[in-house]
Amino acid sequence: MNAIIVECDVATAWGWGVDACWNGVLTGAPAFSLVERFSAAAFQSRLAAQVPGVAPGDESLVMQLLRPLLGRLAPRLPVDTLVLLATTTGEVDRLERAVLEGRPEDGASRLSVLLGRVCRECGVSGPGRTISAACASSAAAVAQGAALIRSGERDAVLVVACDAVTEFIMAGFSSLMALDPDGAKPFDRNRRGLTVGEGAGYVLLMSGARATREGRPRLADVTGWGLSGDANHMTGPSRDGDGLAAAIAKALRTAGVTPGAIGAICAHGTGTPYNDAMELKAFRRVFTGAPVPVYSIKGSIGHTMGAAALIELVMTVKSLQQGVVPPSANLRDVDPEAEGWVSPSARQAAGLRVALSTNSGFGGVNAALVVTA
Amino acid sequence: MSGSAIIGVTGIGWVDAAAYGCVRQATTTVYAGPGQAPWRNTGLFSYPVKNLGRFDAPTRLACAVCALALQDAGLRYAEGVKQEIGLLGSNDDGCLAANRAFFQDYVESGRTLARGNLFIYTLPSSPLAETAIHFGFRGPVMYVGFEANGLGALLHTAAGLVREGQAEAVVVLKSDGLEGLGFTVAPLVAAGGGWTLESAAAPAEVAGTVRDAVTRLESGRCT
């Protein structure tokens with residue numbers, strides 16, 4: 001039994017809605033701007049991909065992103081839906097404020113508190129779960145949701161994902177020298193790092209039976225998923241791509257397809273030298289025939305961390321629906337290793353039926369999702 | 001893996017403020033004095049944990065509980081050998097203490113330079129990732145948080161990962177403060193003994209200390 005995506009929505013630096021993001025990604029241009037929420041002058045980069053209209057205030061940044069999205073969804077959401085929340089740092093701006101104001105942190109930034117808020121906003125009856133697997137968090141959550149539906153344990157799962165541009169995150173990535181001062185350019189010969197982005201979104205997964213019963217549209221199916229660990233290093237990926245290749249192999253196996261079925265790959269593509277090189281090695285290891293069209297949207301909407309995989313899944317759905325492989329955003333000078341795989345331009349793919357989306361993160365976590373039109 | 005195999009809990013390790021042990025093997029080691037911890041026992045791990053001294057407390061605890069859960073299940077590991085084992089973890093606070101430590105240090109340093117070695121622990125999955133690296137786990141690694149006790153759901157998630165072929169076994173860690181329980185979830189074999197998922201989750205979910213849970217678990221083995 002496949003998990004069917006019956007509804008989705010996102011908020012990204014291109015604005016609110018799936019089409020805003022899709023159209024922005026298709027331009028191949030970055031939606032980066034100078035950070036003004038806090039001083040980023042000392043950081044490796046002052047650029048970030050920020051959602052218009054979101055600013056520090058009484059409400060946390062991620063709740064500013066989630067409340068409009070979930071508010072619109074709630075009336076159509078079955079009360080027995082299981083909520084899986086994917087995030088890395090959630091409402092960490094609450095902790096920032098407490099530290100900066102010199103008062104004790106009262107636990108308001110705990111992920112369990114955010115989970116409660118999200119469930120209440122959705123109006124669901126049961127307890128939800130938070131899933132955090134670094135920058136593959138929302139892929140892991142989608143995998144969990146799809147597995148629960150395939151096993152028959154659940155027939156409606158809402159995966160919600162979010163992370164925001166905060167001083168906490170920018171300071172951290174800057175300390176690791178992981179930011180590209182000029183903006184992320186994944187798979188570019190001159191790439192130097194990532195650009196932090198913020199985003200939020202959801203996908204509502206249902207069993208086929210329930211979707212049919214409720215007259216829900218079928219946007220695409222999540223047919224395969226694979227999760228793996230590198231067991232290698234906390235901040236650097238396995239150099240040979242072995243861990244990601246294992247995740248892809250599991251995803252293909254659970255989908256019941258061969259590598260030849262995959263028509264396009266939405267890569268993690270952070271723009272860091274090591275990540276992108278590792279991904280290409282993994283792709284070459286699995287896809288031994290002609291190069292498969294690969295793209296990254298992080299040169300457009302930045303690295304949205306816990307939300308990245310979910311937004312990329314939604315873009316994969318759009319790609320299948322439109323028969324178009326998006327450009328690898330902000331790509332100017334293709335890395336020789338990526339020649340034939342990535343392109344700075346959109347590519348027509350009228351027969352595109354099955355696509356892959358991959359993610360990796362701190363600690364060597366890897367995830368791959370197979371999506372079928 | 002075969003869809004017919006019964007997946008259950010094949011080993012349980014535990015750590016609290018006074019002792020640590022393995023439930024199936026019925027072993028308990030009481031600390032010799034104050035300031036002791038299981039990771040100070042050179043015999044706990046098959047080989048030294050690289051950078052253990054630099055880990056934060058939750059990460060050291062995760063490594064120790066994982067070692068005990070593997071030991072109780074009779075699963076061996078060796079340096080440089082990777083295995084298809086996954087790791088799931090849960091606690092009440094995520095990485096709140098690590099977040100606070102990182103940002104407080106950054107602010108006290110003048111809000112210009114942050115410490116990367118503190119930043120890498122500001123993910124709920126970081127202690128799990130360090131643990132997976134030490135033990136050579138190549139299976140799924142993720143943190144799963146709940147509003148309330150979710151150990152049963154966590155064990156079922158682990159069993160699902162084994163059933164799907166995402167891993168051959170999954171270690172589940174549940175910790176709070178300086179106490180932790182670790183469960184090895186794998187296909188049950190008749191000779192090995194173990195717990196069904198329910199008979200492991202129910203006693204451990206009752207409010208109380210880890211030692212209380214261990215006492216209840218000792219009488220709940222199914223085979």
Side-chain angles (χ1 to χ4, degrees), chain A residues 39 41-42 85 88-90 92 95-96 99-100 105 107 109-112 115-116 119 127-134 136-137 140 143-144 147-148 150-151 153 167-168 171-177 225-235 243 246 250 253-254 361-365 367, chain B residues 51 82-87 90 92-96 99-100 102-104 106-108 110-126 128-130 132-148 150 153-154 156-157 160-161 163-167:
Chain A
S39 172
L85 170 66
T88 61
T89 53
V92 76
L95 180 141
E96 286 181 348
V99 170
L100 291 170
E105 210 281 330
S109 68
R110 284 189 306 179
L111 298 184
S112 57
L115 176 62
C119 288
R129 303 175 194 174
T130 303
I131 293 187
S132 196
S137 292
Q144 277 300 292
L148 287 167
R150 182 170 286 181
S151 69
E153 291 174 66
E167 187 172 358
F168 184 104
F173 278 117
S174 187
S175 74
L176 297 178
M177 304 297 284
W225 51 90
L227 304 169
S228 72
D230 285 347
N232 180 58
H233 194 270
M234 275 301 282
T235 55
K250 289 176 188 175
R253 191 179 67 233
T254 57
F362 268 14
V365 298
Chain B
N51 298 325
K82 297 186 180 182
Q83 300 190 72
E84 295 300 324
I85 296 176
L87 186 60
S90 189
D92 287 343
D93 284 343
C95 54
L96 189 60
N99 288 354
R100 193 184 295 125
F102 165 74
F103 200 70
Q104 187 80 50
Y106 161 75
V107 170
E108 288 171 358
R111 291 176 82 176
T112 53
L113 285 171
R115 287 180 212 255
N117 62 334
L118 294 179
F119 182 61
I120 61 173
Y121 294 109
T122 63
L123 291 169
S125 54
S126 291
L128 305 173
E130 285 280 25
I133 290 167
H134 173 72
F135 291 98
F137 291 172
R138 281 179 24 116
V141 176
M142 73 180 96
Y143 169 90
V144 186
F146 302 88
E147 286 178 87
L154 202 56
H156 277 280
T157 300
L161 292 170
R163 205 172 290 118
E164 287 169 27
Q166 301 285 343

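We name chains A, B, ... by the order of the sequence lines, and we start the count at 1 in each one. None of these values were measured; they are calculated from a predicted model.
- Between the CZ atom of A:R110 and the CG atom of B:N99 there is a distance of 12.5 Å, given to the nearest 0.5 Å.
- Contact count against chain B (heavy-atom pairs under 4.5 Å) is highest for A:S228 among A:S228, A:P127, A:A41.
- No donor-acceptor contact under 3.5 angstrom links the side chains of A:W225 and A:Q144, judged on distance only.
- Of all the listed residues (A:G116, A:C119, A:S109), the one sharing the greatest number of non-hydrogen pairs under 4.5 Å with chain B is A:G116.
- For the set B:H134, B:R111, B:E84, B:H156, the entry with the most heavy-atom pairs within less than 4.5 Å of chain A is B:R111.
- Both the backbone and the side chain of A:I131 come within contact range of chain B, judged by heavy atoms closer than 4.5 Å.
- Neither the backbone nor the side chain of B:E108 comes within contact range of chain A; no heavy atom of the residue lies under 4.5 Å from a heavy atom of that chain.
- For the pair B:F119 and A:F168, the minimum side-chain heavy-atom distance is below 4.5 Å.
- Contact of the B:E147 side chain with the A:R129 side chain is not registered, since no non-hydrogen atoms from C-beta on lie closer than 4.5 Å.
- By the neighbour-count criterion of 12 heavy atoms within 6.0 Å, atom CZ of A:R253 is densely surrounded, having more than that number from other residues, nucleotides or ligands.
- No other option in A:S132, A:S175, A:G361, A:A134 has as many heavy-atom pairs under 4.5 Å with chain B as A:S132.
- Heavy-atom distances place both the backbone and the side chain of B:V141 under 4.5 Å from chain A.
- If you measure heavy-atom distances from B:L161 to chain A, the contacts under 4.5 Å come from the side chain alone.
- Listed options B:G136, B:A114, B:C95 were ranked by heavy-atom pairs under 4.5 angstrom with chain A; first place goes to B:A114.
- If you measure heavy-atom distances from B:F102 to chain A, the contacts under 4.5 Å come from the side chain alone.
- Ranking A:G226, A:A367, A:S151, A:G243 against chain B, the residue ahead of the rest is A:G226, based on heavy-atom pairs under 4.5 Å.
- Closest approach of B:G86 and B:A167 over heavy atoms only: N-CB, 3.7 Å.
- For the set A:E105, A:E96, A:R150, the entry with the most heavy-atom pairs within less than 4.5 Å of chain B is A:E96.
- Among the candidates A:A147, A:A171, A:G363, A:A136, the residue making the largest number of heavy-atom pairs closer than 4.5 Å to chain B is A:A171.
- Of the atoms belonging to B:L96, heavy atoms from both backbone and side chain fall under 4.5 Å from chain A.
- Under the 4.0 Å criterion applied to side-chain N and carboxylate O atoms, B:E164 and A:K250 are not assigned as salt-bridge partners.
- Residue B:S90 comes nearest to B:F146 through the heavy atom pair OG-CD1, 3.7 Å, listed as atom of the first residue, atom of the second, then distance.
- Between B:F137 and B:L128, the closest side-chain pair of non-hydrogen atoms is not below 4.5 Å.
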